[in-house]
Amino acid sequence: MLLKKRRARAGARARYAAERTVDWADERLPVSEGGGLLRKAFPDHWSFLLGEIALYSFVVLLLTGVWLTLFFQPSMTPVVYEGSYRPLLGVRMSEAYRSTVDISFDIRGGLLIRQLHHWAALVFLSAIGVHLLRVFFTGAFRRPREANWMIGVTLFLLSLAEGFAGYSLPDDLLSGTGLRIAQGIMLSLPVVGTYVSMFAFGGEYPGEELIPRLYSLHILLVPGLLLGLLTVHLILVFYLKHTHWAGRGRTNRNAVGKPMFPQFVAGSTGLFFMVFGALTVLAAVAQINPIWAYGPYRSDVVSTGSQPDWYVGFLEGALRLVPPWETVVAGHTVMWNVLLPAVVLPGALFAVLYAYPFFERWVTGDRQEHHLCDRPRNKPVRTGLGVAAITFYGVLTAAGGNDIIAFTFDISLNLLTWVFRVCLVVLPPLAFIVTKRVCLALQEGDRERLAEGEETGEVRQTLAGGYVESHEPLDEETRYVLRTGRPPEPLAPAAPEGGAPRVARLRATLSQWYYGDRVDVEEPEVSEPSEDELER
């Protein structure tokens with residue numbers, strides 16, 4: 001009896017202490033709100049894992065990058081190599097290149113970590129790019145997520161800069177060739193090009209300051225910006241709630257999925273280890289960036305068949321496709337064949353990405369909040385524009401390796417360049433037209449499925465001697481999904497010439513173009529049978 005009383009008093013004291021601790025913490029931290037946060041629903045669909053793959057690749061980048069900073073020497077001071085890699089013995093090189101070779105051959109696990117870092121960078125950029133495509137094609141950039149879309153585009157832009165800076169740090173012949181191209185781009189800027197180049201390189205090319213400056217950007221400034229923007233991006237995802245696919249019980253007013261704790265946390269943790277493991281396997285078995293094979297950078301040498309990483313391949317292709325146009329203005333030569341593809345084109349590309357959510361909202365007049373993902377087939381113009389942009393990007397990326405393609409298949413380099421020029425003009429509009437027609441055909445198929453049901457594959461003969469295919473009714477979940485894809489009505493046509501402002505007429509025309517071609521997927525009305533039909 002006495003023992004029970006002591007246990008009861010001890011339990012009461014423990015509960016009192018716990019309550020006091022929680023009250024003390026709740027006065028200073030959002031503890032009580034945290035319980036609801038841990039039960040926040042996260043929709044369960046494979047396409048939503050793309051952003052998580054990017055996040056976990058970034059974590060791997062941070063871990064491996066911290067390790068590499070312990071051994072890398074960001075200096076362009078010339079030294080003579082005396083390490084264990086015999087083909088380079090006695091060769092003059094920068095200290096940055098020597099330290100990278102030492103990491104690869106003289107530090108235990110150094111080559112694995114180097115390659116893990118490089119593979120993680122490629123997967124990080126790829127995951128961000130595919131994640132942006134998923135957001136675009138499903139309309140997840142619409143209100144209230146315009147700011148998060150712009151943050152995502154900024155993250156992609158900063159990742160490109162971060163990748164290029166890291167790619168250039170070893171000071172090998174391949175990365176040095178890329179820096180030479182970067183210097184040419186700087187010089188193409190009218191009036192200020194020379195000053196920009198002198199500032200970046202600390203004097204005449206190649207200078208002695210670029211590697212230390214890139215190193216500071218690579219390990220401090222850009223990662224800090226990436227980390228800050230990723231934090232804001234995740235906070236907005238929590239605050240605005242996650243988008244989800246249409247289905248029974250899923251609306252614009254709720255979020256259906258697994259609670260954050262413990263289901264989502266457990267699954268996401270497993271995904272992290274899967275990403276880490278896959279990247280480690282790649283680093284162990286797939287060689288990447290063998291700088292010892294390229295040799296140290298020399299300004300009078302260019303590596304044969306040099307190709308950049310995939311994310312700047314489009315820039316290389318654009319530089320190769322633009323003809324040698326130049327204009328002399330007041331004694332100054334403007335090199336359009338460098339300025340247009342390397343400065344104007346990337347600037348226009350990212351300007352379009354930033355502006356598109358607001359452009360679509362203005363054209364369609366849609367100012368409602370959207371938390372349901374669009375099926376790409378239900379927005380044929382948007383989907384067509386996206387496929388056309390991917391085609392444009394793909395042609396430029398392929399053109400970046402036109403010399404390799406010409407050498408491999410033994411065809412004329414000049415002929416191949418003209419083929420790519422024609423493809424750059426013809427293929428994107430063709431891709432838009434084909435994609436739009438395919439989307440409309442898929443919508444027509446959805447309407448037929450609603451009207452007739454799902455094909456069973458069974459064919460039977462009628463009394464009249466013909467053959468018909470039997471159908472079975474769709475399940476309620478499929479019916480619900482197909483019925484939710486109806487596009488809004490286009491804006492009413494503007495008044496005739498002179499009766500409305502030009503902007504209003506342009507907006508109405510674009511709205512008709514955007515929503516004019518459509519297939520209204522509606523379930524047909526079933527009429528009651530007449531008395532004659534019942535008698536028959």
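The shortest side-chain heavy-atom distance between P323 and R421 falls under the 4.5 Å cut-off. Side-chain contact between L125 and F156: present, with at least one pair of heavy atoms (C-beta onward) separated by less than 4.5 Å. In this structure the side chain of F420 never reaches within 4.5 angstrom of the side chain of R320, judged on heavy atoms. Residues L122 and I288 have side chains in contact (heavy-atom distance under 4.5 Å, counting atoms from C-beta outward). Looking only at side-chain heavy atoms (C-beta outward), T417 and L321 come within less than 4.5 Å of each other. A 4.5 Å side-chain heavy-atom check between W292 and L111 finds at least one atom pair inside the cut-off. Residues S94 and I211 have side chains not in contact (no heavy-atom distance under 4.5 Å, counting atoms from C-beta outward). The shortest side-chain heavy-atom distance between F276 and L63 falls under the 4.5 Å cut-off.
Here the closest heavy-atom approach between residue L88 and residue P296 is recorded as CD2-CD, 4.4 Å. When all heavy atoms of Y205 and R180 are compared, the closest pair comes out as CD2-NH1, 2.6 Å.
By the 6.0 Å contact criterion, CZ on F358 is enclosed, its count of non-hydrogen atoms from other residues, nucleotides or ligands being greater than 12. Within 6.0 Å of CH2 on W418 lie no more than 12 heavy atoms contributed by other residues, nucleotides or ligands. Surrounding CH2 of W336 are at most 12 heavy atoms belonging to other residues, nucleotides or ligands under 6.0 Å away.
Sorted by first and then second residue, the side-chain hydrogen bond (donor to acceptor under 3.5 Å, both in side chains) pairs with a member in residues 218-236 read N148-H233, E162-H218; sequence neighbours excluded. Residues in residues 190-199 take part in these side-chain hydrogen bond (donor to acceptor under 3.5 Å, both in side chains) pairs, two or more places apart or across chains: Q183-S197.
If you check the side chains of Y354 and T154, you find a donor sitting under 3.5 Å from an acceptor. D102 and S99 share no donor-acceptor pair across their side chains, judged by distance under 3.5 Å alone.
Remark: R253 CZ to K241 NZ distance equals 9.0 Å, nearest 0.5 Å. How far CG of L160 is from CD1 of I128: 8.5 Å, rounded to the nearest 0.5 Å.
In this structure, the side chain of T383 does not engage the main chain of P380 through any donor-acceptor pair within 3.5 Å.
Annotation: F48 is not in aromatic contact with F42 [ring centroid separation under 6.0 Å not met].
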